[in-house]
Amino acid sequence: NIAFSRRLHQLQMEGVDCIGFDMDHTIVRYNIPNLCDLVTNCIASYLEDHARYDKGLKDHVCGEYIMSGPGAQFLHKGLVLDKYTGNIIKMNEHHKIVKARHGIHNHLSKDAMEAAYPEPIKVDIRHPYTPRYFFIVSYFEAPMTPIFAYMVDQIDRRQPDPKVRSELYTKVIDDMLDSLSYHFAMWGRGNYFPEFCTNAGKYVHKARPETVEWLKTLRARGVKLLLVTNSLLEYTHVLMEYCFGPDFRSLFNVVVVQAMKPAFFSTKNKFISISKKGATFEPSALRPYHGEYAEEVGVPDLVQSTVYAKGNMTDLISALTIGSAHGDKPFRFCYVGDSLTGDVVAPKLAFTSACMTVAIVEELEEEHAVLTQGMHPRHHAHNHGWGPFFFDADPTAGTSAPSVASTSVLPSSSQEVEGISGPVGNGSLSMWGKVVTAHADVCCGSVDDLAKWLVVDAPSI
């Protein structure tokens, strides 16, 4: 494993000038079961109180159902909700359906899947959401799936008309999306933020001292460190202060909130200055960043402030290189994040060879333990029939279990790096497994794992 890590360092890490980090599920690690229970409670409360669903829904889908009951089997990233049919599906790398459920207990047969989905589903991985399909890409959205499975059974039991059922399936998903917007789009509104602020230790883990020291070492070597998150300013402050302490700002050259990724990497949205250099990060001390008080910042003035909203990566790179001795050497930056569309695909497509991407996929830690025991992924006792995140686990594929040698890191192409071998590209990968191999230079289970082996040479700026 040490030799494997060193080779990755030699191939891909030398000369990195800047590293950007996403916050949620990246630089900050959540307690996934407790988070999913809280988000489930938020969604169900909204459906009862604002969308006029039956009272008692929360009693059915929260607590035991989601934590250890039938709902737990649906708490997986990578699944897709079909608004028209009510099915919950999983795709392989060719976008063919390899697993499907309807409601909690109804597993679709191979013939039923082929009848419902005779052709591969057209997916633009840059913008995978469509009027028909909703992709579960994070653990903030994962609780939608067990609630949807429960509601599909209720709709089927009460409504005999297929057309009306389809309309109701769509309404359930749209209502759940409205609930997430209600609880997360405005600070202090809804149930999530008050509960999190009261019991932060229940939902996130404090940063490991070794990881904090790693960030300090990178800055001492001259590497520019960025925190770029789509989260609200107030939530960013509460979360980072709890996990990294009150001086967390000193770990980063620039902090950007409400970055609007993936657009952050491809548009020219203006930065909005929130604080001046040396100012506290306390939200009450920061300049408002909306409406008539917004102060847009151009490239030359960008680094004179320390906290921003919105903006874009192109101008940020320009600002970081102003006045440096970078010369004609290409500016190389690395972005680390958990969203495969917003943190991996978007920067890689926008900046190609100038950008290195590190995908943080927490499932890697568990699935590596399964694969190294010589088991086929579909035999894993804890996947509840869906198979692993990276592979389709199709019983008809006839593939053997891949061999994985690294405990925490996967490269972008397992056929090119020593220590990993397997049936990459022959139909064994899931859709998201293919995205990782195609767009991520490195895949880790956590930033803590990355910190254990990544040491970046001092850049030229």
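Since this is a predicted model, take the numbers as computed values, not measurements. Residue numbers count from 1 along this sequence.
Side-chain atoms of P33 and M67, non-hydrogen and from C-beta on, do get closer than 4.5 Å to each other. L79 has its side chain out of reach of M144: every pair of non-hydrogen atoms, C-beta onward, lies at least 4.5 Å apart. Residues F135 and V123 are in side-chain contact: their nearest non-hydrogen atoms beyond the backbone lie under 4.5 Å apart. Considering only heavy atoms from C-beta on, I125 stays 4.5 Å or farther from K434 through its side chain. Side-chain atoms of D448 and E210, non-hydrogen and from C-beta on, never get closer than 4.5 Å to each other. Within the 4.5 Å cutoff, side-chain heavy atoms of E362 are placed close to those of I32.
Formation of a donor-acceptor pair under 3.5 Å by the S181 side chain with backbone atoms of L177 is not found in this model. No side-chain donor-acceptor contact under 3.5 Å links T267 to the backbone of F264. Within the 3.5 Å criterion, the main-chain N or O of C62 finds no donor-acceptor partner in the side chain of T40. Side chain of D441 to main chain of T357: a donor-acceptor pair is present (N/O by atom type, distance under 3.5 Å, no hydrogens or angles). A donor-acceptor pair under 3.5 Å links the side-chain atoms of H95 to the main chain of I121, judged by distance alone. A side-chain donor-acceptor contact under 3.5 Å links K348 to the backbone of C355. Remark: side-chain polar atoms of N269 are not paired, donor with acceptor, to backbone N or O of N312 under 3.5 angstrom. E241 contributes no side-chain N or O that, together with a main-chain N or O of H237, makes up a donor-acceptor pair within less than 3.5 Å. The main-chain N or O of G56 is found under 3.5 Å from a side-chain atom of E48 such that the two form a donor-acceptor pair. H183 places a side-chain N or O within 3.5 Å of a backbone atom of C42 that can act as its donor or acceptor partner.
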Verdict with reasoning, S179 to D175, per side-chain hydrogen bond (donor to acceptor under 3.5 Å, both in side chains): CA-CA 6 Å; S179 76; D175 288 342; over 6 Å; no
Go through it in stages, so that I can follow the logic: the residues are K224 and D17, the test is salt bridge (Lys or Arg N to Asp or Glu O under 4.0 Å), and I'd like the CA-CA distance, side-chain angles, deciding distance and then a yes or no. CA-CA 6 Å; K224 307 295 184 183; D17 303 298; over 6 Å; no
Can Y129 and V137 be said to form a side-chain contact (heavy atoms from CB on, under 4.5 Å), step by step? CA-CA 11 Å; Y129 304 104; V137 299; 3.2 Å; yes
I would like to know whether V257 and L232 meet side-chain contact (heavy atoms from CB on, under 4.5 Å); could you show each step before the answer? CA-CA 6 Å; V257 299; L232 297 173; over 6 Å; no
Working for side-chain contact (heavy atoms from CB on, under 4.5 Å), residues L81 and I136: CA-CA 8 Å; L81 310 184; I136 303 297; 4.2 Å; yes
Show, in sequence, the C-alpha distance, side-chain angles and deciding distance for K90 and V80, and conclude whether the side-chain contact (heavy atoms from CB on, under 4.5 Å) test is met. CA-CA 6 Å; K90 179 180 179 181; V80 183; over 6 Å; no
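Between K452 and D449 a salt bridge is recorded (basic side-chain N to carboxylate O distance below 4.0 Å). Of the charged side-chain nitrogens involved, none lies within less than 4.0 Å of a carboxylate oxygen, so that D24 and R29 do not count as a salt-bridged pair. Between K99 and D392 there is no salt bridge, since no side-chain N of the basic residue sits under 4.0 Å from a carboxylate O of the acidic one.
Here the closest heavy-atom approach between residue C18 and residue L320 is recorded as SG-CD1, 4.0 Å. Counting all heavy atoms, side chain and backbone alike, Y169 lies closest to Y84 at CD1-O, 3.6 Å. Residues F390 and V436 approach most closely at CE2-CG2, 4.1 Å, considering heavy atoms. In plain terms, the two heavy atoms of A44 and V61 that are nearest each other are CB-CG2, 3.8 Å. Residue I66 comes nearest to P146 through the heavy atom pair CD1-CG, 3.1 Å, listed as atom of the first residue, atom of the second, then distance. Between V344 and A359, the shortest heavy-atom contact is CG2-CB, 3.8 Å.
The distance between the ring centers of Y30 and H25 falls below 6.0 angstrom. Ring centroid separation for the pair F351 and Y335 does not come in under the 6.0 Å cut-off. Between H60 and Y65, the distance from one ring center to the other does not fall under 6.0 angstrom.
Here Y203 contributes atom OH and N34 contributes atom CG; the two are 6.5 Å apart, rounded to the nearest 0.5 Å. Atom CZ of R249 and atom CG of N253 lie 8.0 Å apart (nearest 0.5 Å). In this structure, the separation between CG on L180 and CD1 on I43 is 4.5 Å, given to the nearest 0.5 Å. Of the inter-residue distances, the one linking C443 atom SG with L340 atom CG reads 7.5 Å to the nearest 0.5 angstrom. In this structure, N230 CG and F184 CZ are separated by 13.0 Å, a value rounded to the nearest 0.5 Å. Once rounded to the nearest 0.5 Å, the distance linking NZ of K216 with CZ of R221 reads 16.0 Å.
For K206, the side-chain contact (heavy atoms from CB on, under 4.5 Å) partners at least two apart in sequence or on another chain are Y242. Not counting sequence neighbours, T170 has no partner by the side chain to side chain donor-acceptor pair (under 3.5 Å) test. In this structure, the side chain to side chain donor-acceptor pair (under 3.5 Å) partners of N199, at least two apart in sequence or on a different chain, are E195.
Between the side chains of S430 and N92, no donor-acceptor pair is found at a separation under 3.5 Å. Residues Y235 and Y192 bring a donor and an acceptor atom of their side chains to less than 3.5 Å of each other.
Among T229, D22, T341, the one residue that satisfies the side-chain hydrogen bond (donor to acceptor under 3.5 Å, both in side chains) test with K261 is D22.
The cationic group of K77 lies under 6.0 Å from the six-membered ring centre of F389 and within 45° of the ring axis, placing it in a cation-pi geometry.
For NZ of K268, the number of neighbouring non-hydrogen atoms (other residues, nucleotides, ligands) closer than 6.0 Å is greater than 12. Under a cut-off of 6.0 angstrom, the local environment of CZ in R126 is sparse, with at most 12 non-hydrogen atoms contributed by other residues, nucleotides or ligands.
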